[in-house]
Amino acid sequence: MGPVIIAGIVLGVLVLLVLSQSFTQIGASEIGLVTKRLAFKKLNDDNPIAFNGEAGYQADLLMAGLRFKLWPIYSVKKHSWVQVPAGEIAVVVAQVGKPLPIGNKSGAYDLKFGNFSNVRAFVDNGGQKGVQRPVLPPGTLVPIHPVAFLVLTARQAFGVPVAPEMQQRAKATGGVLRSESFGLSADQLRVVVIAPNGPQDTVGIVTALEGEPLPSGDIASRLGAFEDILAAEATDASDADIIEMLLGNKNNLHNNYQDFQRFVDNGGKIGLQHDPLLYGAYLLNPFLIQVEIVPMLVVNQGEVAVIKGYVGLPTSDTSGEEFKFGSIVQPGHRGIWQEPLRTGKYAINPRVYAAEIVPTSILTLNWSESVSTAHSLDVNLQPISGKSREGFVFGIELQVQIHVPDTKAPKVISMVGTMLNLVNEVLQSAVGNHFRNTLQDSEAVKFIETRMEVQQAALLAVSQYLALYDVETKGVYLQDVVFPPELVEVLTKREIANQEKATFAEEERAQIVRVEMEKAKGTADMQASLAQAQVSVTIKQAQAEARKAEADGEASYVERTGIAEATRRKAVGVADAEVLERTGAAEAEKQRNVGLAQAEVLQRTGSAEAEKQRSIGLAQAEVTEKIGAAEATKTRAVGLAAAEATQALGEGRARGYAAQVVSLGAAATAAVAVADAVATGGIDIMPEVLVTGGGGAFDGLAAVLMRAFGSGSSAQGSLAKVIGSPSTPAVTPSMTDGATPEGDAAIAAAPAPSLSGQDAASA
């Protein structure tokens, strides 16, 4: 084989090698990045892409298909198209173009840039290096020059970092460019979604990281500032209209911060933005916009929201000179708005407008361990602890009801700051000190006994105090008072004693009723005896009257037969009548006293068992005493009657003897008296025949007397006939009734009168 043939073969192999390396198959979703190795021109220092055939990365890409680039002058490297998954965004970082102006963080965007797929249009129309303001939306599939632009998504980064800064970022993340290389998290490269968080409504608070500086004194940017509010005030617009203007946003001017270039063009400033984002999904450049999702302001029924404006027109106080607790302003000015927000939902930026919710319904606050379920304003309230005058420590659980009028709510908040301050700083000190002072000036027991008065005084004091803050007091209620143990013990004993006292009083009343019942029962039981006694008294009185009549008749008879017999009969009758009468009266008195004693016993029994025993003893003593008194009265009455009868009998016999003496003579009267005494006694003191030596009249009389004495009663009858002649006063057996031995002895001891002869003959 000759040299020519060999050279031809070598040349053919080289040609085949060049041709095989020069053709590149580009896929449908791929691009070919062309690098020129050999060229007479070189790139500028600040530009990594060749637009005019210079050596380096070429501006024109190879699209899908079989492409030819002569090797080894050109090399081709395939790259994927930029694809943005659903729910994600892509941020574009340009490595070509003009440098960013000093102070800028992103390159200005022109509509001619399109979707950054035409690098020549980008550079020719003044595209700037760095982060680009628009983002690629979800679903984007575009061939972007991998050297001209770096594209960052949540999952991967597209492009070749050629700038020294970009290469350093890639080295920081393991040599592979990722979103973390730029300080971004995967979540920041996703679509921003603002939606309700469960039952809670939300809004998005926007902070712009680029733009013109804020005016001096401002903390948030509002497009057009507050010139529209100033113009509305000039037309005397109402507070409600101005509030609507402030709550309405101007997000339509920049498509809700998604078109950052329009945001800047319409005067958007760097920093916190006045207008929040409402519900929706937003494509926001995380290098330029930050969003914080916060709860939406919700004002429920029975509440108002007092707004503290931190931005707006300069403060212009409308509260007047007498109000010394801050500025009350019209909506749109800095300060507390004079018009609160009422029931509704408000998309308001809480960083620039602080809303203090003020309950306008009746607000119940508990000074106790429990917390109200309707709010948490009383979470720090504890039972009030205070000392009484004697040093007893009380725990007082309290409930206070207050009301803040909706029209007064701004002034209330201006004075106290927040509702929590109103409760913890104002109300707690006022209520606590009032009850401590009241308790300290009062005795423990008096504080307990005058609970209603203490409650009324507290209501008056708290009402007057809260009126200074334009707060109405609807009620102050003592829920519970925790007494010290030692006082509880004393009060318990006292109450037990009071209850026992009341019980004993009830028992006493019951026993009194029982006594009355027993008394009535005893009276009823004794009615028969009482009636019998009354009948007996009547009978006795009748008998006495009868005997008295009999005595009067006898006395008349005796008076006719002898003054002494009449007097004796009368005396005997009167004495018997008095005996019967006094006996009946004594018996009746006895029965009455017995009944009274029994009633007294029953009455004393009902008081208590001890009193019962004592009463029984007293009753028995009284019964004994009265029975004794009755017996004594009876005995006395009987004795007096007997004495009077004896006296009357004696007087009658004396007058009889005096009459006998006048009629018979002293001796004959004495003999008759002796004979009568002996005969009455039935004693034989003389023989039946007495022989005397006389023979006179006396002897004859003596003989007759002896026979009479010896024959008993018949002799006495004969003697009576002898003695009872019309000329001799009759001495009947009744004359001796009731005679006492002392009387007989007195008669027997009387000197016997001597009988003259004439008297004997008469006898």
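Quick caveat, the model's predicted, so the values are computed rather than measured.
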> D218 side chain to A220 main-chain N or O, any donor-acceptor pair under 3.5 Å?
no
> Would L33 and H145 count as a side chain to side chain contact (heavy atoms under 4.5 Å, CB included) if you check the C-alpha gap in whole Å, the side-chain angles of each, and the deciding distance to 0.1 Å?
CA-CA 8 Å; L33 176 62; H145 198 289; 3.4 Å; yes
> Less than 4.5 Å apart, any side-chain heavy atom of Y279 and any of P196?
yes
> Say whether H333 and Q338, considering side chains only, have a donor N or O and an acceptor N or O under 3.5 Å apart.
no
> Would you call D124 and K112 a salt bridge, taking side-chain N to carboxylate O under 4.0 Å as the test?
no
> Kindly indicate whether the side chain of L150, heavy atoms from C-beta on, has any atom under 4.5 Å from the side chain of Q95.
yes
> Counting the benzene-type ring for Trp, do F122 and F149 have ring centres under 6.0 Å apart?
yes
> Show every side chain to side chain donor-acceptor pair (under 3.5 Å) that has at least one partner inside residues 352-362, sequence neighbours left out.
H274-Y353
> Would you confirm whether N285, through its side chain, and V135, through its main-chain N or O, come within 3.5 Å as a donor-acceptor pair?
no
> Does the pair W337 and V306 meet the rule for a side chain to side chain contact (heavy atoms under 4.5 Å, CB included), with working shown?
CA-CA 7 Å; W337 290 0; V306 175; over 6 Å; no
> Side chains of T173 and S181 only: does a donor on one sit below 3.5 Å from an acceptor on the other?
yes
> Does N118 use its side chain to pair, donor to acceptor, with the backbone of A121 at less than 3.5 Å?
yes
> Answer whether the closest heavy-atom distance between the side chains of I243 and E339 falls below 4.5 Å.
yes
> Before accepting this row, confirm whether a basic side-chain N of the pair R190/D187 lies closer than 4.0 Å to the acidic partner's carboxylate O.
yes
> Are the side chains of V131 and K105 in contact, using a 4.5 Å heavy-atom criterion?
no
> Side chain to side chain contact (heavy atoms under 4.5 Å, CB included) for R342 and V299? Distances and angles first, verdict last.
CA-CA 6 Å; R342 291 175 169 78; V299 182; 5.6 Å; no
> Strictly by salt bridge (Lys or Arg N to Asp or Glu O under 4.0 Å), give each pair with a member in residues 301-318 just once, sequence neighbours left out.
none
> Could you note down all residue pairs passing side chain to side chain donor-acceptor pair (under 3.5 Å) where residues 62-90 supplies at least one of them, sequence neighbours left out?
E88-R155
> When you compare the side chains of R133 and S106, does any donor N or O come within less than 3.5 Å of an acceptor on the partner?
yes
> Output, in order, the C-alpha distance, side-chain angles, deciding distance and verdict of side chain to side chain contact (heavy atoms under 4.5 Å, CB included) for F158 and L152.
CA-CA 6 Å; F158 298 89; L152 307 177; over 6 Å; no
> Describe, in one word, how the ring planes of F263 and F260 are oriented to each other, choosing from parallel (under 30°), tilted (30 to 60°) and perpendicular (over 60°).
tilted
> Is the closest side-chain heavy-atom distance between V151 and F116 below 4.5 Å?
no
> If you define the side chain from C-beta out and look only at heavy atoms, does anything of V191 sit under 4.5 Å from I89?
yes
> Between E227 (side chain only) and G224 (backbone N and O only), is there a donor and an acceptor less than 3.5 Å apart?
no
